[in-house]
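Reviewing the structure listed below.
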Amino acid sequence: MAHTDLFNIIKSLSKSEKRFFKLFASIQNAKANFLVLFDAIEKLTKKENGIELYKNGALEKMLSREKFLKSLPYEKNYLYNNLLKVLRNYHLDDSASTKISSLLHNARILVKKRLYSIALSNIEKAKEIALEYDKYEQVLEIMSIEHTLARRLYDFDKMNQIKDSSVSFENYFNKIINKEYYNNINTKMLMSFQQFSNNRDDGIIDELHQSAIQPDKEIGPPNSFESEIFFNRIIHQYYFSKQSWQKSLDTQEAGFKIYDRHPHQKLEYASQYIESLWNLAVSFGYKDQKEKSDYYKQELVKFSDQLPVHQKKEALSHLFLINAFLGVGLLNRYGKLSGQEDFVDKMVQEHLKYKDQVISIKNLVTHLHFSVYYFGIGSYDKTLHHLAQAEEFINDATLYIQISHRLFTLLTHYELKNDVLISYLKESTARFLKKKGKVFDFERIMLKFLQKITKETDKKKIKRLFQDLQSKFIAFEKSPSEGTFFNSFDFIAWTMTKTENISFEEALQERYKKATTKKV
């Protein structure tokens, strides 16, 4: 166990997981040392820079009067193991993998008791489930135990079956290799996109995409449910990185149909299926295809009714996020900001109920939607609040979102006339970009503009600076590499507030009207 593992596990616990743990602890012993230790670390997790305090001996000071302080390493290890035990029980589900693991565990115990026939019946059930759900790693493990049991039972028929299954063994092994091949490409593509974004990858994403669509003959095309899912994600990520939105959406729908071909896998891969429904509902919503968006929302509601409690919460949290993304996100897109503050404030409060159930990048983007809305109505303090909240999850975001977040924060401080702070943040952003290596014209021009504009006092010169910036932004928006920056915040609409003396709301409305007119 690493020095900070225990702290990080406790920090990650949801309220319901903590309640479950404390119930477990009270059954064992309400005054147990490990519960006292848990409460002390929990206090540190709630403090700013709690991890640093934990590293620097704050925990030892808090426990200075406890007799078990001398055996603290033992108590930490004991708490660590109990936490994992409780989390295993809390998240215990009725998935195929869990059923197989239980049957295998039963079989091992029965083998030790020399109850080979009963063990074999458990193994056969496990094999049936494993084959139905494509759990090929577990199939290989099952076949190994099967061989041992056949030998112990002197079952020649079973031994012959195992001998005849050597071809199947090779087939299952090849399926595992096939799955891992596409899983590896998918993981590399996600990591590359997060680290470099599509405009900094220097062809990495293209290369990975090529590896997926033209695999070696030994690998072949996707040949199992999981391989198909991984392949679909690779193609979707590729089109998304190229901003080919329609192809990206078509790929998402194709991914949904994979689950339709394997309906028994929906519950087995509940989180992934929820993600698929969420993506489709949001994507069609942004394309103004309300009927299709509503269809996938309803599918999510139906699916949530089939789920155990903790997974149902995950489904409902994604249902809220669909409403938040489309509700607040489309207000920003259409420029319909006036009179909607109560609605957005309500969404902000609702988000507090669900944020622990979803991955960090979705929390980040939700806060960005809120911050753009509040910026649009001139509530800059609320804008900064949500930008600060977004920063908690910023390390999990793609690079262009991290940079857009920094630049948007700078603009907000400009509106608040925080010139001293702008100077500091500008230098910090410049250092950040330098570390990332490749600096784009959008970023360079934006920082130079802020340096000039904060020093300029002549109104005519200020307007000319904004006009020049706006013309450059319009050119950038059409660029595959530079245009990425406009996905999080409409920088052009912001310049229009200065060049045309209109509100941000009016600028957004004008931009949306032009965009839809072009499509027609």
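This structure is a prediction, so every number in the text was calculated from the model and none was measured. Just so you know, these numbers use all the heavy atoms, side chains as well, and skip hydrogens, waters and symmetry mates.
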Where do [X] and [Y] come nearest, in terms of heavy atoms and distance?
X    : Y    : answer
K11  : T45  : NZ-O, 3.6 Å
V372 : S488 : CG2-O, 3.8 Å
I142 : I123 : CG2-CG2, 3.6 Å
G329 : Y286 : CA-OH, 3.7 Å
G285 : L330 : O-CD1, 3.9 Å
I422 : L410 : O-CD2, 3.6 Å

Are any non-hydrogen side-chain atoms of [X] and [Y] less than 4.5 angstrom apart?
X    : Y    : answer
L87  : L13  : yes
E415 : T383 : no
Y238 : T251 : no
L387 : H405 : yes

Can you list everything that forms a side chain to side chain contact (heavy atoms under 4.5 Å, CB included) with [X]? Sequence neighbours excluded, please.
X    : value
H385 : Q389
Q298 : none
S304 : K312, A315, L316
A270 : F303, L307, Q311

Is it the case that the ring center of [Y] lies less than 6.0 angstrom away from the ring center of [X]?
X    : Y    : result
F230 : Y182 : no
F442 : Y400 : no
W245 : F240 : yes
F449 : F466 : yes
F225 : Y259 : yes

Value for CG (L300) from OG (S276), rounded to nearest 0.5 Å, stands at 10.5 Å

Expected output: side-chain [X] to main-chain [Y] donor-acceptor under 3.5 Å:
X    : Y    : answer
Q265 : Y133 : yes
S293 : Q289 : no
Q340 : L337 : no
N49  : E52  : no
H264 : E132 : yes
D216 : E218 : no

Taking atom types as modelled and ignoring hydrogens, do the side chains of [X] and [Y] form a donor-acceptor contact shorter than 3.5 angstrom?
X    : Y    : result
S95  : T98  : yes
Y181 : N183 : no
S227 : N178 : yes
D134 : H262 : no
H318 : K362 : yes
E226 : Y269 : yes
S14  : S16  : yes
D288 : Y334 : yes
W494 : Q470 : no
K297 : N323 : yes

Can you tell me if [atom1] on [X] sees more than 12 non-hydrogen neighbours from other groups inside 6.0 Å?
X    : atom1 : result
K188 : NZ    : no
F432 : CZ    : yes
K266 : NZ    : yes
F173 : CZ    : no
E207 : CD    : no

Parallel, tilted or perpendicular: ring planes of [X] versus [Y], cut at 30 and 60 degrees:
X    : Y    : answer
Y380 : F375 : perpendicular
F393 : H367 : parallel
F489 : F408 : parallel
Y374 : H386 : parallel
Y296 : F284 : parallel

Using a strict cut-off of less than 4.0 Å between a Lys/Arg side-chain nitrogen and an Asp/Glu carboxylate oxygen, indicate whether [X] and [Y] qualify as a salt bridge.
X    : Y    : result
E299 : K302 : yes
K353 : E350 : yes
K135 : E268 : yes
E477 : R511 : yes
E253 : K292 : yes
R444 : D441 : yes

For residues 313-330, the salt bridge (charged side-chain N to carboxylate O under 4.0 Å, His left out) pairs (sequence neighbours left out) are none

Residue set satisfying ring pair (Phe, Tyr, Trp, His ring centres under 6.0 Å) with Y354, at least two apart, ordered chain then number -> F320

Derivation and outcome, side-chain hydrogen bond (donor to acceptor under 3.5 Å, both in side chains), residues Q246 and K287: CA-CA 9 Å; Q246 187 56 53; K287 286 185 72 67; 3.2 Å; yes

Test side-chain contact (heavy atoms from CB on, under 4.5 Å), reference R233, set Q272, E228, E275, M189, output is Q272

